[in-house]
> 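Below: one structure in C-alpha coordinates.
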Protein chains: 2
Amino acid sequence: MDTTQELMEAQDLPYNVFAKACPSRVTLEHVTGRWGGLTMSALYEGSLRFNELRRRVDGVSEKMLSQTLHALERDGLVRRDAQPTNPPRVDYELTPLGRGVAERLLSLIHFVEGRMDDVLEARRNYDETRGAL
Amino acid sequence: MDTTQELMEAQDLPYNVFAKACPSRVTLEHVTGRWGGLTMSALYEGSLRFNELRRRVDGVSEKMLSQTLHALERDGLVRRDAQPTNPPRVDYELTPLGRGVAERLLSLIHFVEGRMDDVLEARRNYDETRGAL
DNA sequence: CGGTATCCTATATGATACTG
DNA sequence: CAGTATCATATAGGATACCG
(Lines give C-alpha, C1' and ligand atoms only; values in the text may rest on other atoms or scores of the structure.)
Protein backbone atom coordinates (compact mmCIF):
# COMPACT_ATOMS: atom_id res chain seq x y z
CA MET A 1 0.00 0.00 0.00
CA ASP A 2 1.19 3.52 -0.76
CA THR A 3 1.79 5.93 2.07
CA THR A 4 -0.78 8.51 3.02
CA GLN A 5 1.66 11.11 1.83
CA GLU A 6 1.75 9.62 -1.63
CA LEU A 7 -2.00 9.27 -1.72
CA MET A 8 -2.67 12.86 -0.77
CA GLU A 9 -0.03 14.66 -2.77
CA ALA A 10 -1.09 16.42 -5.87
CA GLN A 11 0.87 14.77 -8.60
CA ASP A 12 1.10 17.71 -10.99
CA LEU A 13 0.37 15.41 -13.86
CA PRO A 14 -1.52 16.50 -16.94
CA TYR A 15 -4.27 14.03 -16.11
CA ASN A 16 -6.87 14.55 -13.41
CA VAL A 17 -9.73 12.13 -13.12
CA PHE A 18 -11.84 14.70 -11.30
CA ALA A 19 -12.05 16.76 -14.46
CA LYS A 20 -15.00 15.79 -16.60
CA ALA A 21 -13.13 15.84 -19.88
CA CYS A 22 -9.97 14.06 -18.71
CA PRO A 23 -9.26 10.91 -20.75
CA SER A 24 -8.16 9.15 -17.57
CA ARG A 25 -11.79 9.04 -16.54
CA VAL A 26 -12.66 6.86 -19.52
CA THR A 27 -9.86 4.43 -18.78
CA LEU A 28 -10.78 4.35 -15.12
CA GLU A 29 -14.29 3.43 -16.18
CA HIS A 30 -12.94 0.63 -18.33
CA VAL A 31 -11.05 -0.88 -15.42
CA THR A 32 -13.70 -0.26 -12.78
CA GLY A 33 -16.70 -1.00 -14.94
CA ARG A 34 -19.09 -3.79 -14.09
CA TRP A 35 -17.04 -6.40 -15.97
CA GLY A 36 -13.66 -4.72 -16.51
CA GLY A 37 -12.44 -5.10 -12.96
CA LEU A 38 -13.51 -8.71 -12.65
CA THR A 39 -12.03 -9.58 -16.02
CA MET A 40 -8.64 -8.08 -15.22
CA SER A 41 -8.62 -9.68 -11.78
CA ALA A 42 -9.40 -13.06 -13.27
CA LEU A 43 -6.46 -12.67 -15.63
CA TYR A 44 -4.08 -11.81 -12.81
CA GLU A 45 -3.36 -15.44 -12.09
CA GLY A 46 -2.51 -16.22 -15.70
CA SER A 47 -3.78 -16.17 -19.24
CA LEU A 48 -7.24 -17.54 -19.97
CA ARG A 49 -9.21 -18.42 -23.06
CA PHE A 50 -12.43 -16.67 -23.93
CA ASN A 51 -14.78 -19.27 -22.53
CA GLU A 52 -12.61 -19.94 -19.49
CA LEU A 53 -12.85 -16.28 -18.70
CA ARG A 54 -16.58 -16.38 -19.22
CA ARG A 55 -16.99 -19.17 -16.71
CA ARG A 56 -14.71 -17.45 -14.26
CA VAL A 57 -16.55 -14.15 -14.38
CA ASP A 58 -19.88 -15.53 -13.34
CA GLY A 59 -22.81 -13.85 -15.08
CA VAL A 60 -21.05 -12.08 -17.93
CA SER A 61 -22.61 -12.53 -21.36
CA GLU A 62 -20.60 -13.26 -24.48
CA LYS A 63 -21.37 -9.84 -25.76
CA MET A 64 -20.25 -7.96 -22.69
CA LEU A 65 -17.10 -10.01 -22.25
CA SER A 66 -16.18 -9.40 -25.86
CA GLN A 67 -16.85 -5.70 -25.55
CA THR A 68 -14.95 -5.46 -22.27
CA LEU A 69 -11.93 -7.29 -23.67
CA HIS A 70 -11.82 -5.04 -26.72
CA ALA A 71 -11.79 -1.91 -24.58
CA LEU A 72 -9.05 -3.30 -22.32
CA GLU A 73 -7.00 -4.43 -25.27
CA ARG A 74 -7.30 -1.03 -26.91
CA ASP A 75 -6.12 0.66 -23.71
CA GLY A 76 -3.06 -1.58 -23.70
CA LEU A 77 -4.06 -3.44 -20.54
CA VAL A 78 -4.80 -6.84 -22.06
CA ARG A 79 -3.10 -8.68 -24.86
CA ARG A 80 -5.00 -10.96 -27.22
CA ASP A 81 -3.14 -13.94 -28.59
CA ALA A 82 -5.02 -15.76 -31.34
CA GLN A 83 -3.69 -19.03 -32.71
CA PRO A 84 -4.80 -19.74 -36.28
CA THR A 85 -5.74 -23.32 -35.48
CA ASN A 86 -8.97 -25.17 -35.97
CA PRO A 87 -10.83 -24.96 -33.71
CA PRO A 88 -9.45 -21.52 -32.89
CA ARG A 89 -7.65 -20.87 -29.64
CA VAL A 90 -7.46 -17.36 -28.26
CA ASP A 91 -5.64 -16.54 -25.07
CA TYR A 92 -5.98 -13.32 -23.16
CA GLU A 93 -3.34 -12.09 -20.78
CA LEU A 94 -2.49 -8.93 -18.90
CA THR A 95 0.21 -6.65 -20.26
CA PRO A 96 2.77 -5.34 -17.75
CA LEU A 97 0.68 -2.18 -17.55
CA GLY A 98 -2.42 -4.27 -17.01
CA ARG A 99 -0.74 -6.11 -14.17
CA GLY A 100 -0.11 -2.84 -12.40
CA VAL A 101 -3.78 -2.02 -12.65
CA ALA A 102 -4.89 -5.51 -11.67
CA GLU A 103 -2.74 -5.52 -8.53
CA ARG A 104 -4.48 -2.40 -7.32
CA LEU A 105 -7.90 -3.72 -8.27
CA LEU A 106 -7.25 -6.93 -6.35
CA SER A 107 -6.14 -4.99 -3.33
CA LEU A 108 -9.48 -3.16 -3.40
CA ILE A 109 -11.50 -6.29 -4.07
CA HIS A 110 -9.88 -8.29 -1.30
CA PHE A 111 -10.36 -5.44 1.11
CA VAL A 112 -14.06 -5.24 0.30
CA GLU A 113 -14.52 -9.00 0.48
CA GLY A 114 -12.79 -9.04 3.82
CA ARG A 115 -15.05 -6.35 5.26
CA MET A 116 -18.41 -7.50 3.97
CA ASP A 117 -19.61 -8.49 7.42
CA ASP A 118 -19.14 -4.90 8.52
CA VAL A 119 -20.89 -3.63 5.42
CA LEU A 120 -23.85 -5.91 5.88
CA GLU A 121 -24.15 -4.92 9.50
CA ALA A 122 -24.07 -1.25 8.52
CA ARG A 123 -26.87 -1.89 6.06
CA ARG A 124 -29.06 -3.63 8.58
CA ASN A 125 -28.48 -0.77 10.97
CA TYR A 126 -29.29 1.82 8.33
CA ASP A 127 -32.47 0.10 7.16
CA GLU A 128 -33.65 -0.46 10.69
CA THR A 129 -33.12 3.14 11.69
CA ARG A 130 -34.85 4.39 8.58
CA GLY A 131 -37.73 1.94 8.80
CA ALA A 132 -38.48 3.10 12.34
CA LEU A 133 -38.99 6.69 11.26
CA MET B 1 0.81 -2.02 -1.95
CA ASP B 2 0.15 -5.55 -0.84
CA THR B 3 2.61 -8.28 -1.75
CA THR B 4 1.99 -10.53 -4.72
CA GLN B 5 1.59 -13.35 -2.27
CA GLU B 6 -1.27 -11.59 -0.52
CA LEU B 7 -2.87 -10.71 -3.82
CA MET B 8 -2.86 -14.21 -5.18
CA GLU B 9 -3.76 -16.20 -2.10
CA ALA B 10 -7.25 -17.49 -1.85
CA GLN B 11 -8.64 -15.96 1.26
CA ASP B 12 -11.12 -18.66 2.22
CA LEU B 13 -13.63 -16.03 3.08
CA PRO B 14 -17.36 -16.52 2.68
CA TYR B 15 -17.43 -13.73 0.12
CA ASN B 16 -16.25 -14.09 -3.45
CA VAL B 17 -16.85 -11.28 -5.87
CA PHE B 18 -16.56 -13.65 -8.83
CA ALA B 19 -19.79 -15.34 -7.80
CA LYS B 20 -22.81 -13.70 -9.37
CA ALA B 21 -24.92 -13.71 -6.22
CA CYS B 22 -22.23 -12.59 -3.78
CA PRO B 23 -23.22 -9.41 -1.92
CA SER B 24 -19.63 -8.18 -2.20
CA ARG B 25 -20.27 -7.58 -5.87
CA VAL B 26 -22.93 -5.01 -5.08
CA THR B 27 -20.68 -3.13 -2.68
CA LEU B 28 -17.82 -3.28 -5.14
CA GLU B 29 -20.13 -1.70 -7.69
CA HIS B 30 -21.00 1.05 -5.25
CA VAL B 31 -17.35 1.93 -4.72
CA THR B 32 -16.24 1.50 -8.33
CA GLY B 33 -19.34 2.91 -9.95
CA ARG B 34 -19.16 5.95 -12.17
CA TRP B 35 -19.55 8.37 -9.24
CA GLY B 36 -18.85 6.24 -6.17
CA GLY B 37 -15.10 6.07 -6.64
CA LEU B 38 -14.70 9.74 -7.38
CA THR B 39 -16.92 10.69 -4.44
CA MET B 40 -14.98 8.60 -1.96
CA SER B 41 -11.67 9.82 -3.33
CA ALA B 42 -12.79 13.42 -3.00
CA LEU B 43 -13.69 12.80 0.63
CA TYR B 44 -10.30 11.29 1.38
CA GLU B 45 -8.77 14.68 2.06
CA GLY B 46 -11.46 15.63 4.53
CA SER B 47 -15.18 16.15 4.98
CA LEU B 48 -17.08 18.12 2.39
CA ARG B 49 -20.54 19.61 2.13
CA PHE B 50 -22.97 18.49 -0.53
CA ASN B 51 -22.34 21.29 -2.98
CA GLU B 52 -18.61 21.31 -2.35
CA LEU B 53 -18.59 17.68 -3.30
CA ARG B 54 -20.66 18.41 -6.35
CA ARG B 55 -18.16 20.96 -7.57
CA ARG B 56 -15.26 18.66 -6.82
CA VAL B 57 -16.70 15.73 -8.72
CA ASP B 58 -16.99 17.51 -12.03
CA GLY B 59 -20.06 16.51 -14.01
CA VAL B 60 -22.11 14.78 -11.35
CA SER B 61 -25.77 15.79 -11.15
CA GLU B 62 -27.56 16.49 -7.87
CA LYS B 63 -29.58 13.37 -8.34
CA MET B 64 -26.65 11.03 -8.90
CA LEU B 65 -24.58 12.53 -6.10
CA SER B 66 -27.48 12.14 -3.72
CA GLN B 67 -28.08 8.57 -4.82
CA THR B 68 -24.38 7.72 -4.63
CA LEU B 69 -24.03 9.16 -1.14
CA HIS B 70 -27.05 7.24 0.12
CA ALA B 71 -25.64 3.95 -1.15
CA LEU B 72 -22.23 4.66 0.40
CA GLU B 73 -23.80 5.74 3.68
CA ARG B 74 -25.91 2.61 3.80
CA ASP B 75 -22.83 0.45 3.24
CA GLY B 76 -21.14 2.15 6.17
CA LEU B 77 -18.47 3.83 4.05
CA VAL B 78 -19.59 7.45 4.41
CA ARG B 79 -21.05 9.25 7.37
CA ARG B 80 -23.60 12.02 6.96
CA ASP B 81 -23.55 14.78 9.55
CA ALA B 82 -26.50 17.15 9.31
CA GLN B 83 -26.61 20.26 11.44
CA PRO B 84 -30.13 21.51 12.14
CA THR B 85 -29.22 25.10 11.35
CA ASN B 86 -30.79 27.48 8.90
CA PRO B 87 -29.65 27.38 6.21
CA PRO B 88 -28.86 23.67 6.68
CA ARG B 89 -25.31 22.43 6.74
CA VAL B 90 -24.56 18.82 5.93
CA ASP B 91 -21.07 17.40 6.02
CA TYR B 92 -20.04 14.09 4.51
CA GLU B 93 -16.98 12.23 5.67
CA LEU B 94 -15.46 8.81 5.26
CA THR B 95 -15.85 6.29 8.03
CA PRO B 96 -12.73 4.32 9.03
CA LEU B 97 -13.98 1.54 6.78
CA GLY B 98 -14.50 4.05 3.99
CA ARG B 99 -10.95 5.30 4.39
CA GLY B 100 -9.65 1.81 3.82
CA VAL B 101 -11.59 1.62 0.59
CA ALA B 102 -10.62 5.13 -0.48
CA GLU B 103 -6.91 4.49 0.02
CA ARG B 104 -7.10 1.57 -2.38
CA LEU B 105 -9.20 3.51 -4.86
CA LEU B 106 -6.70 6.37 -4.82
CA SER B 107 -3.85 4.00 -5.40
CA LEU B 108 -5.65 2.73 -8.51
CA ILE B 109 -6.64 6.20 -9.69
CA HIS B 110 -3.15 7.62 -9.29
CA PHE B 111 -1.68 4.66 -11.10
CA VAL B 112 -4.04 5.15 -14.03
CA GLU B 113 -3.46 8.90 -14.15
CA GLY B 114 0.27 8.31 -14.11
CA ARG B 115 0.14 5.89 -17.05
CA MET B 116 -2.29 7.67 -19.32
CA ASP B 117 0.41 8.50 -21.84
CA ASP B 118 1.03 4.78 -22.27
CA VAL B 119 -2.70 4.13 -22.54
CA LEU B 120 -3.21 6.82 -25.17
CA GLU B 121 -0.28 5.51 -27.15
CA ALA B 122 -1.70 2.01 -27.01
CA ARG B 123 -4.99 3.31 -28.32
CA ARG B 124 -3.41 5.13 -31.23
CA ASN B 125 -1.50 2.01 -32.06
CA TYR B 126 -4.62 -0.15 -31.87
CA ASP B 127 -6.74 2.18 -33.99
CA GLU B 128 -4.01 2.58 -36.57
CA THR B 129 -3.48 -1.14 -36.95
CA ARG B 130 -7.18 -1.79 -37.21
CA GLY B 131 -7.83 1.09 -39.60
CA ALA B 132 -5.24 -0.26 -42.01
CA LEU B 133 -7.03 -3.57 -42.39
C1' DC C 1 -28.29 25.02 1.29
C1' DG C 2 -29.43 20.43 0.55
C1' DG C 3 -31.92 17.96 -1.17
C1' DT C 4 -36.56 15.11 -3.46
C1' DA C 5 -39.93 14.13 -7.28
C1' DT C 6 -40.90 13.64 -11.93
C1' DC C 7 -40.23 12.97 -16.56
C1' DC C 8 -37.46 11.75 -20.35
C1' DT C 9 -33.47 9.88 -22.91
C1' DA C 10 -29.12 7.46 -23.51
C1' DT C 11 -26.56 3.74 -22.64
C1' DA C 12 -25.60 -0.69 -20.79
C1' DT C 13 -26.86 -5.15 -20.68
C1' DG C 14 -29.17 -9.51 -21.82
C1' DA C 15 -31.19 -13.16 -24.98
C1' DT C 16 -31.03 -15.25 -29.10
C1' DA C 17 -29.48 -16.52 -33.48
C1' DC C 18 -25.83 -16.97 -36.54
C1' DT C 19 -20.77 -17.50 -38.58
C1' DG C 20 -15.70 -18.67 -39.64
C1' DC D 1 -14.16 -22.34 -29.90
C1' DA D 2 -14.57 -17.64 -30.30
C1' DG D 3 -16.82 -14.67 -31.40
C1' DT D 4 -20.50 -11.01 -34.24
C1' DA D 5 -25.22 -9.23 -35.28
C1' DT D 6 -29.65 -8.04 -34.02
C1' DC D 7 -33.35 -7.04 -31.19
C1' DA D 8 -35.48 -6.00 -26.85
C1' DT D 9 -35.32 -4.11 -22.18
C1' DA D 10 -33.59 -2.52 -17.86
C1' DT D 11 -31.24 0.71 -15.68
C1' DA D 12 -28.35 4.73 -15.37
C1' DG D 13 -28.31 9.22 -15.95
C1' DG D 14 -29.70 14.17 -16.96
C1' DA D 15 -32.96 18.31 -16.90
C1' DT D 16 -36.18 20.63 -14.60
C1' DA D 17 -39.16 22.00 -11.06
C1' DC D 18 -40.16 22.15 -6.49
C1' DC D 19 -39.67 21.95 -1.07
C1' DG D 20 -38.09 22.33 4.03
Side-chain angles (χ1 to χ4, degrees), chain A residues 17-18 20-21 25-39 42-43 47-75 78-93 126 129-130 133, chain B residues 17-21 25-39 42-43 47-75 78-93 126 130 133:
Chain A
V17 82
F18 286 106
K20 186 160 58 174
R25 201 181 267 192
V26 176
T27 296
L28 187 69
E29 280 168 16
H30 289 162
V31 307
T32 62
R34 186 161 178 196
W35 306 116
L38 293 177
T39 300
L43 290 174
S47 73
L48 291 171
R49 300 174 65 172
F50 187 83
N51 282 308
E52 288 174 337
L53 208 37
R54 226 193 126 194
R55 281 185 292 274
R56 194 79 207 288
V57 182
D58 188 18
V60 69
S61 65
E62 293 185 354
K63 179 183 163 183
M64 289 315 299
L65 181 56
S66 173
Q67 205 171 105
T68 298
L69 286 168
H70 280 311
L72 296 176
E73 189 192 355
R74 191 167 96 102
D75 282 351
V78 163
R79 195 179 133 233
R80 180 178 186 275
D81 179 29
Q83 258 113 44
T85 58
N86 192 311
R89 179 190 178 101
V90 180
D91 289 280
Y92 290 93
E93 63 179 345
Y126 180 94
T129 306
R130 292 263 160 161
L133 295 181
Chain B
V17 81
F18 286 106
K20 184 161 57 174
R25 202 180 267 193
V26 175
T27 295
L28 187 69
E29 280 168 17
H30 289 161
V31 307
T32 61
R34 186 158 176 201
W35 305 117
L38 292 178
T39 299
L43 289 175
S47 73
L48 290 171
R49 300 174 66 173
F50 187 83
N51 282 308
E52 286 174 338
L53 210 35
R54 231 196 121 191
R55 281 186 290 275
R56 192 80 208 288
V57 181
D58 190 18
V60 68
S61 66
E62 293 185 355
K63 178 183 163 181
M64 291 315 298
L65 182 56
S66 173
Q67 204 171 107
T68 298
L69 285 168
H70 281 310
L72 297 176
E73 189 192 354
R74 191 166 99 100
D75 282 352
V78 163
R79 196 179 132 232
R80 181 178 186 273
D81 179 29
Q83 259 113 42
T85 57
N86 192 310
R89 179 190 176 99
V90 181
D91 289 281
Y92 290 93
E93 63 179 346
Y126 181 95
R130 293 263 160 159
L133 294 179

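The chains referred to below are lettered A, B, ... by the order of the sequence lines, with proteins before strands, and numbering in each begins at 1.
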> Tell me which nucleotide among D/dT4, D/dC1, D/dG14 gets nearest to the side chain of B/W35.
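The answer is D/dG14.
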> Closest-nucleotide mapping onto DNA chain D: is A/P88 or A/K63 further toward the 5' terminus? I mean the 5' end.
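It is A/P88, whose closest nucleotide lies nearer the 5' terminus.
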> Assuming nearest nucleotide by heavy-atom distance, tell me which of A/P87 and A/S61 is located more 5' along DNA chain C.
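Of the two residues, A/S61 wins.
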> Starting at atom NE2 of B/H30, determine the distance to atom P of D/dT11, rounded to an integer number of angstrom.
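After rounding, the reported distance stands at 13 Å.
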> When rounded to the nearest 0.5 angstrom, what distance separates CG in B/L43 from CG in B/L69?
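Rounded to the nearest 0.5 Å, the CG-CG separation comes out at 7.0 Å.
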> Write down the distance between CG (B/L69) and C1' (D/dG13), rounded to a whole number of angstrom.
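Distance, rounded to whole Å: 16 Å.
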> Give the rounded distance in Å between these two atoms: NZ of A/K20 and P of D/dG13.
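Spelled out: NZ on A/K20 to P on D/dG13 is 14 Å.
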> Just list the side-chain donor-acceptor pairs under 3.5 Å for residues 58-67 of chain A, sequence neighbours left out, or say none.
residue, atom, partner, partner atom, Å
A/D58, OD2, B/K20, N, 2.9
A/S61, OG, A/M64, N, 3.2
A/E62, OE2, A/R54, NH1, 3.4

> At under 4.0 Å between heavy atoms, what does B/R54 touch on the DNA or RNA strands: base, sugar-phosphate, or nothing?
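Nothing, no heavy atom under 4.0 Å.
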> With nearest nucleotide decided by heavy atoms, which residue, A/E62 or A/R34, maps closer to the 5′ end of DNA chain C?
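First, find each residue's nearest nucleotide; the 5'-ward one identifies A/R34.
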> Distance check, rounded to the nearest 0.5 Å: B/F50 atom CZ versus B/R89 atom CZ?
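Result: 15.0 Å between the selected atoms.
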> Give the rounded distance in Å between these two atoms: CD of A/Q83 and P of D/dA2.
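Nearest whole value for this atom pair: 10 Å.
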> Under 4.0 Å: is that the gap between some side-chain N or O of A/H70 and OP1 or OP2 of D/dT4?
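Answer is yes, contact under 4.0 Å.
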> Report the distance from atom CZ of B/R56 to atom CG of B/N51, rounding to the nearest 0.5 Å.
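The distance works out to 15.0 Å.
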> Can you spot which of A/R80, A/R49, A/Q83 makes a side chain to side chain contact (heavy atoms under 4.5 Å, CB included) with A/V90?
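Passing option: A/R80.
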> Looking at B/D91 and B/S47, what are the two nearest heavy atoms and their distance?
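That closest heavy-atom pairing would be OD1-OG, 4.0 Å.
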> Rounded to whole angstroms, how far apart are CG on A/N86 and C1' on D/dG3?
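One finds 14 Å between C1' of D/dG3 and CG of A/N86, rounded.
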> With a strict under 4.0 Å distance from non-hydrogen atoms of chain A, what nucleotide opens and what nucleotide closes the contacted stretch of DNA chain C, reading 5' to 3'?
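First-to-last contact on DNA chain C, by the 4.0 Å heavy-atom rule, is C/dT13 to C/dG20.
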> In whole angstroms, how far is the P atom of D/dT4 from the CE atom of A/M64?
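So the two atoms are 13 Å apart, to the nearest Å.
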> Compare all side-chain heavy atoms of A/V78 with those of A/Y92 and state whether any distance is below 4.5 angstrom.
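A side-chain contact under 4.5 Å exists here.
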> Expressed in angstrom and rounded to an integer, what is the separation of A/R89 atom CZ from D/dA2 atom C1'?
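Rounded to whole Å, this separation is 12 Å.
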> Can you check the A/L65 CG to D/dA5 P distance for me, whole Å?
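These atoms are roughly 16 Å apart.
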